[in-house]
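Index from 1, following the sequence. Source: prediction; values computed, not measured. All values below were derived from every heavy atom in this structure, side-chain atoms included, with hydrogens, water molecules and symmetry-related copies excluded.
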Amino acid sequence: MANGNATFRHSNVALLGLTEILAPNEVTSQEFDERLADTLSMLNLPTGLLQRVAGVYARRNWDQPNQFADGAIAAGKKALAEAGVSPDSIGLMVNTSVTREHLEPSVAVGVHAGIGLGSQAMNFDIANACLGFVNGMTLAANMIDAGQIEYALVVAGEDASRVQEATLRRLTRPGINREEYLNEFASLTLGSGASAAVLGPADKHPEGHRILGGITRAATQHHELCVGDHNGMFTDTKGLLAGGMELVVAAWEEAHEDGWNWRDMDRYVMHQVSDVHVNSITKAANLDPDRIPVTYPELGNVGPASLPITLSREASHLKPGDRILCMGVGSGLNTAMTEIEW
């Protein structure tokens with residue numbers, strides 16, 4: 001096994017429910033351009049960079065920043081109802097949100113209480129940037145395969161409004177230069193939303209979608225390329241893209257050496273970042289772009305909720321037997337690819 005690399009296979013795990021909660025308020029990239037008009041003029045930068053470079057035309061926000069937890073609660077309840085699984089059957093609830101109000105207690109405890117899960121459901125946060133939801137599903141699937149639990153609930157609720165506002169304040173301050181502006185450009189692609197998934201034993205749910213397994217790989221030497229908090233996200237965009245593509249290609253090649261065959265999947269559901277990100281992965285792995293659904297043009301980058309939101313929206317177009325590869329990259333850098341048979 002190569003350093004930083006792991007492959008895994010699940011024997012009896014199915015995806016039983018997958019839902020999205022849409023944040024109610026649309027914020028367009030044109031609105032950001034209008035607020036940044038004086039800065040763009042001063043730096044001799046054109047308007048429409050978010051649309052032309054990133055392909056992000058809008059994103060969503062909650063009415064209030066702290067409603068990300070309410071979104072996770074609503075998504076969790078909706079996913080349980082869709083799966084037909086009682087809250088009392090859940091043995092594990094994992095919150096995978098990047099967003100949090102405080103260091104302790106965990107976000108998970110409030111979501112656990114809000115959903116009304118029983119005391120039998122262990123609950124905690126998994127934080128791994130935009131890869132958290134995929135990691136949470138892998139952990140839950142391993143525990144189901146091990147017989148430790150029967151059903152698991154994975155949630156993510158994200159708020160980007162505070163990062164957006166802090167970034168806009170900095171980008172409109174006197175004396176800002178082009179380098180500073182471009183280092184924070186990625187912050188304005190972020191959006192808000194929530195998603196949840198229910199996992200359970202495949203042998204008890206033939207209607208479920210089998211989670212077969214996949215690969216993870218780490219390149220943590222790049223942990224300083226993208227660093228963020230409520231005050232902003234500071235990104236070495238070129239370095240992050242180069243490091244991310246090297247990591248994804250290495251994981252892709254090693255997965256095939258380990259017996260996976262992902263060259264002709266029915267869908268490639270990626271973490272949603274931008275045109276540049278999707279186009280780079282598409283080219284590097286020689287994927288069919290028609291098999292890659294995207295949500296970032298209207299939702300932006302909703303952190304760890306992005307990938308499950310995209311898969312949830314694509315679900316109505318899938319048929320039994322379709323093969324889906326979930327592909328995520330998180331700041332740090334980490335990547336994971338997980339195959340689901342619909």
With salt bridge (charged side-chain N to carboxylate O under 4.0 Å, His left out) as the rule and sequence neighbours excluded, what pairs involving residues 323-342 come up?
Arg323-Glu339
Test item: His230 side-chain N/O and Arg100 main-chain N/O as donor-acceptor pair under 3.5 Å
yes
Please identify each residue that fulfils side chain to side chain donor-acceptor pair (under 3.5 Å) with Asp266, with sequence neighbours left out.
none
Within the distance-only criterion (no hydrogens, no angle test), does the side chain of Arg217 pair as donor or acceptor with the backbone N or O of Thr7 below 3.5 angstrom?
no
Do Met327 and Leu241 belong to the same hydrophobic cluster, where Ile, Leu, Val, Met, Phe, Trp and Tyr are linked whenever their side-chain heavy atoms lie under 4.5 Å apart, directly or via other members?
yes
Minimum-distance pair of heavy atoms, taken over all atoms of Pro308 and Pro304:
CD-O, 3.2 Å
Which atoms form the tightest heavy-atom contact between Leu311 and Cys326, and what is the distance?
CD2-SG, 4.2 Å
Exercise: identify the closest heavy-atom pair between Glu82 and Leu18:
OE2-N, 2.9 Å
Decide yes or no on side-chain contact (heavy atoms from CB on, under 4.5 Å) for Asn135 and Thr96, but give the supporting numbers first.
CA-CA 8 Å; Asn135 293 151; Thr96 64; over 6 Å; no
Same cluster (ILVMFWY, side-chain, under 4.5 Å), Trp342 and Met265
no
Of all heavy-atom pairs linking Met143 and Leu92, the shortest is SD-CD2, 3.6 Å
Could you report the tightest heavy-atom contact between Met270 and Ile292, atom names first, then the distance?
CE-CD1, 3.6 Å
Verify, without hydrogens or angle tests, whether Thr28 (side chain) and Glu31 (backbone) share a donor-acceptor contact under 3.5 angstrom.
yes
Say whether Met122 and Ile115 are linked into one hydrophobic cluster, either directly or through other cluster members, by side-chain heavy-atom distances under 4.5 angstrom.
no
Cluster check Leu225, Val227: I/L/V/M/F/W/Y, side chain < 4.5 angstrom:
no
Those residues that, when tested against His277, pass ring-ring contact (aromatic ring centres under 6.0 Å, His included) (two or more places apart)
none
Any donor and acceptor pair, going by atom type alone, linking the side chain of Asn142 with main-chain N or O of Leu139 inside 3.5 Å?
no
CH2 of Trp262 to OG1 of Thr338: how many Å apart, nearest 0.5 Å?
7.5 Å
Can you give each donor-acceptor pair under 3.5 Å made by side-chain atoms of residues 106-113, sequence neighbours left out, with the distance rounded to 0.1 Å?
residue	atom	partner	partner atom	Å
Ser106	OG	Ala108	N	3.4
Ser106	OG	Val109	N	3.3
His112	NE2	Gly118	O	3.1
His112	NE2	Ala121	O	3.2

Should the heavy atoms of other residues, nucleotides or ligands under 6.0 Å from CG of Asn44 be counted, would the total exceed 12?
no
Hydrophobic clustering (ILVMFWY, side-chain heavy atoms < 4.5 Å, transitive) - are Val249 and Leu247 grouped together?
no
Find the distance between CD1 (Ile281) and NE2 (His271) and round it off to the nearest 0.5 Å.
9.5 Å
Measuring from Asp145:CG to Arg9:CZ, what's the distance to the nearest 0.5 Å?
13.0 Å
Main-chain N/O of Leu240 paired with His222 side-chain donor or acceptor, under 3.5 Å
no
Test side chain to side chain donor-acceptor pair (under 3.5 Å) applied to Thr282 - qualifying residues, sequence neighbours left out
none
Does Gly328 offer a backbone N or O that forms a donor-acceptor pair with the side chain of Thr335 under 3.5 Å?
yes
Kindly determine whether Phe133 and Leu307 satisfy side-chain contact (heavy atoms from CB on, under 4.5 Å), including the steps that lead there.
CA-CA 8 Å; Phe133 200 99; Leu307 191 154; over 6 Å; no
Closest non-hydrogen atoms of Met337 and Val248, given as atom of the first, atom of the second and distance, are CE-O, 3.4 Å
Between Ser280 (side chain only) and Val276 (backbone N and O only), is there a donor and an acceptor less than 3.5 Å apart?
yes
Do Trp252 and Leu287 come close enough that some side-chain heavy atom pair is under 4.5 Å?
yes
What salt bridge (charged side-chain N to carboxylate O under 4.0 Å, His left out) pairs are there with at least one residue in residues 151-161, not counting sequence neighbours?
Asp159-Arg162
By ring-ring contact (aromatic ring centres under 6.0 Å, His included), Phe124 pairs with (sequence neighbours left out) none
Please tell me if the side chains of Val134 and Met137 come closer than 4.5 Å, counting only heavy atoms from C-beta onward.
no
Can you tell me how far CG of Leu36 sits from OG of Ser29, rounded to the nearest 0.5 angstrom?
10.5 Å
Side-chain atoms of residues 186-205: list all donor-acceptor pairs with protein atoms under 3.5 Å, sequence neighbours left out, distances to 0.1 Å.
residue	atom	partner	partner atom	Å
Ser187	OG	Glu184	O	3.4
Ser187	OG	Met233	N	3.1
Ser187	OG	Met233	O	2.8
Thr189	OG1	Ala186	O	2.7
Ser192	OG	Arg60	O	3.3
Ser192	OG	Asn61	OD1	3.0
Ser192	OG	Ala160	N	2.9
Ser195	OG	Thr19	O	2.7
Asp203	OD1	Asn12	ND2	3.3
Asp203	OD2	Asn12	ND2	3.4
Lys204	NZ	Glu150	OE2	2.4
His205	ND1	Glu207	OE2	2.9
His205	NE2	Tyr151	OH	2.7

Taking side chain as C-beta onward, heavy atoms only, is Arg178 less than 4.5 Å from Leu45?
yes
Rounded at 0.5 Å granularity, tell me how far CG in Leu131 sits from OG1 in Thr216.
8.5 Å
Would you be so kind as to tabulate the donor-acceptor pairs closer than 3.5 Å made by side chains of residues 71-81, with sequence neighbours excluded?
residue	atom	partner	partner atom	Å
Lys77	NZ	Gly114	O	3.4
Lys78	NZ	Glu20	O	3.3

What pairs of donor and acceptor atoms, side-chain ones from residues 293-300 against any protein atom, are under 3.5 angstrom apart with sequence neighbours left out?
residue	atom	partner	partner atom	Å
Thr295	OG1	Thr310	OG1	2.8
Tyr296	OH	Asp275	OD1	2.4
Glu298	OE2	Arg313	NH1	3.3

Test side chain to side chain donor-acceptor pair (under 3.5 Å) applied to Arg173 and Thr39, step by step:
CA-CA 8 Å; Arg173 77 183 189 276; Thr39 298; over 6 Å; no
Tell me, please, which residues at least two apart from Asp288 pass salt bridge (charged side-chain N to carboxylate O under 4.0 Å, His left out).
Arg291
Is it true that a side-chain atom of Asn123 and a backbone atom of Met93 form a donor plus acceptor pair closer than 3.5 Å?
no
Do Asp258 and Ile215 come close enough that some side-chain heavy atom pair is under 4.5 Å?
no
Using atom types as modelled and distance alone, determine if a side-chain donor or acceptor of Ser97 lies under 3.5 Å from a backbone N or O of Thr99.
no
Around atom CD of Glu101, are there more than 12 heavy atoms of other residues, nucleotides or ligands at under 6.0 Å?
yes
Between the side chain of Glu246 and the main-chain N/O of Gly243, is any donor-acceptor distance below 3.5 Å?
no
Tell me, please, which residues at least two apart from Asp38 pass salt bridge (charged side-chain N to carboxylate O under 4.0 Å, His left out).
none
